[in-house]
Amino acid sequence: MFDFVFHNPTKIVFGRKQEETIGQEIKNAGYRKVLFVYGRNSIKRSGLFERITASLKKHDISYVEFGGVVSNPIISHTRKGVDLAKKEKVDAVLAVGGGSVLDESKAIAVGTLSDNDVWDFFIGKEVTQALPLFTVITLAATGSEMNGNAVVTNEETKQKYNISSLHVYPRVSILNPELTCTVPLDYSAFGAVDAIAHVIEGYFTRKEGAGLQDRLVESIIKTVIATNNVIMHEPTNYDARSEFMWTATLALNGLTTAGLKEYCFPNHMIEHSLSAIYNIAHGAGLAIIMPAWMKWYSNKKPARFERFADKIFGVQDAEAGINELEKWFSSIHAPTRLKDAHIPADKIDMIAENAASLAKLWGIDDVYSKEVIAEILHHAV
Ligand code: NZQ
Ligand code: ZN
């Protein structure tokens, strides 16, 4: 086990109706005026909007509304949020929605305290401060509710890049699994794929690790599969939704990678290009990339892949394990080939070029050159 620092400052409040405590949480933390960020229409349709505003009013928290965050959030809308937060002199940001709403809110929280263009922080400028962030998450997938990542797309340059900073961890995140019962089944499936992707990156790419992390990851993957097998048939099953929700949080809150060394996120690196260029859902892109990357990578770590095949699916060889994973993705109606997402094979070079820029930014371009990325993508044809 390697030395590490694990510092996760987010308070989690988990359970039925807990969104009604959001006003109290913000007041307890000493803030009085928030930028209330949300997506397109799901929180108004479900009545969540009214419950949140009632809680804010009850605790004398004033709010400025900023709706319209799109899935795969974009920098132009983020800039508008920064301008509004500055003009209104809010002292905190409240994000209510899926990972996209949380991520854009994190970027707004950073941009509001800076004279720089907020995109500068996505291309390397160090984050040194941010407004405090409070969240009520409505879709289990990204782990954004308990991590320091924010992913935003620059729609002009087609770059889907991220901020990673201790300053953007939410202060408080409220997780009410009931809220996820209305997530459409396609997005539920994409959330399942995303949570699996978050743990397999470290599991396969790390240089060395310890049995604990392996067993944590295997348990997370098995729980994602078991709970989503239920959710696909019974979308309002509270036990399955709640167990999956916490599992998705743990999949990317630093727990499974603490003590690992030299791991990286190549599946995410390539997927971010797919969703930057084609605006497909992140989990859909991952369901296409993961089996392709595994086929390309498995002979470099045969023992790891044999273990994965055995522990997750009870099959004996690496190839069979990858096939089982792909079959499971298909069983929950996630796409597994580029053509399933209407992405033409003759665009592979262009996608690879886009991904190679991110590989460079992440410092993994020694392995992931444009040619290697194209080779991986050819496994997804
Ligand atoms: O916009 P609304 O109307 O709210 O609709 C959303 C959206 O259309 C809808 N939705 C959310 N909660 C719902 C609901 N519909 C009904 N009932 C509910 N309770 O679902 C759609 C998708 O929402 P979105 O927030 O885009 O999904 P997700 O949570 O999967 O977030 C995806 C984004 O997060 C990034 C992805 O790249 C992508 O941009 N990621 C963020 C990470 C992080 N911060 O750590 C890590 C991930 O690897 C990922 O990159
Ligand atoms: Zn992801």
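One-based numbering, in listed order, for ligands and for the atoms of each.
Looking at Asn41 next to ligand 1, an N or O pair under 3.5 Å apart turns up. Geometrically, ligand 1 and His268 share a nitrogen or oxygen pair separated by less than 3.5 Å. For Ile43, no nitrogen or oxygen atom sits less than 3.5 Å from a nitrogen or oxygen atom of ligand 1, counting backbone and side chain alike. In terms of N/O distances under 3.5 Å, ligand 1 is not approached by Tyr187. On a distance-only criterion, Lys106 and ligand 1 share no N/O pair closer than 3.5 Å. Not one N or O of Pro184 is nearer than 3.5 Å to an N or O of ligand 1, by distance alone.
Proximity of Leu102 to ligand 1, defined as any heavy-atom pair under 4.0 Å, is not found for any part of the residue. Residue contacts with ligand 1, taken as heavy atom pairs separated by less than 4.0 Å, involve Leu252 solely via side-chain atoms from C-beta onward. Residue contacts with ligand 1 for Asn147 involve side-chain atoms from C-beta outward but no N, CA, C or O (heavy atoms, distance under 4.0 Å).
Taking 4.0 Å as the cut-off, Ala197 does not count as a neighbour of ligand 1 on heavy-atom distance.
Nearest-residue assignment for atom 50 (O) of ligand 1 (options His272, Glu178, Glu201, Lys44; heavy-atom criterion): His272. Around atom 37 (O) of ligand 1, the closest heavy atom drawn from Lys160, Glu104, His198 belongs to Lys160. When the options Ala276, Ser42, Ala141, Gly283 are ranked by their closest heavy atom to atom 14 (C) of ligand 1, first place goes to Ser42.
At least one protein heavy atom sits closer than 4.0 Å to atom 16 (C) of ligand 1.
In terms of protein heavy-atom proximity, atom 8 (O) of ligand 1 is nearest to Arg40 NH2, 2.8 Å. Scanning all protein heavy atoms for the shortest distance to atom 44 (N) of ligand 1 gives Asp103 OD1, 2.8 Å.
Under the 30°/60° scheme for interplanar angles, the aromatic rings of Trp293 and Tyr297 are found to lie parallel.
Pairs engaging residues 83-92 under the side chain to side chain donor-acceptor pair (under 3.5 Å) rule: Lys33-Glu88 [sequence neighbours left out].
Under 2.8 Å from the Zn ion (ligand 2), one finds the following protein N/O/S atoms: Asp194 OD1, His198 NE2, His268 NE2, His282 NE2.
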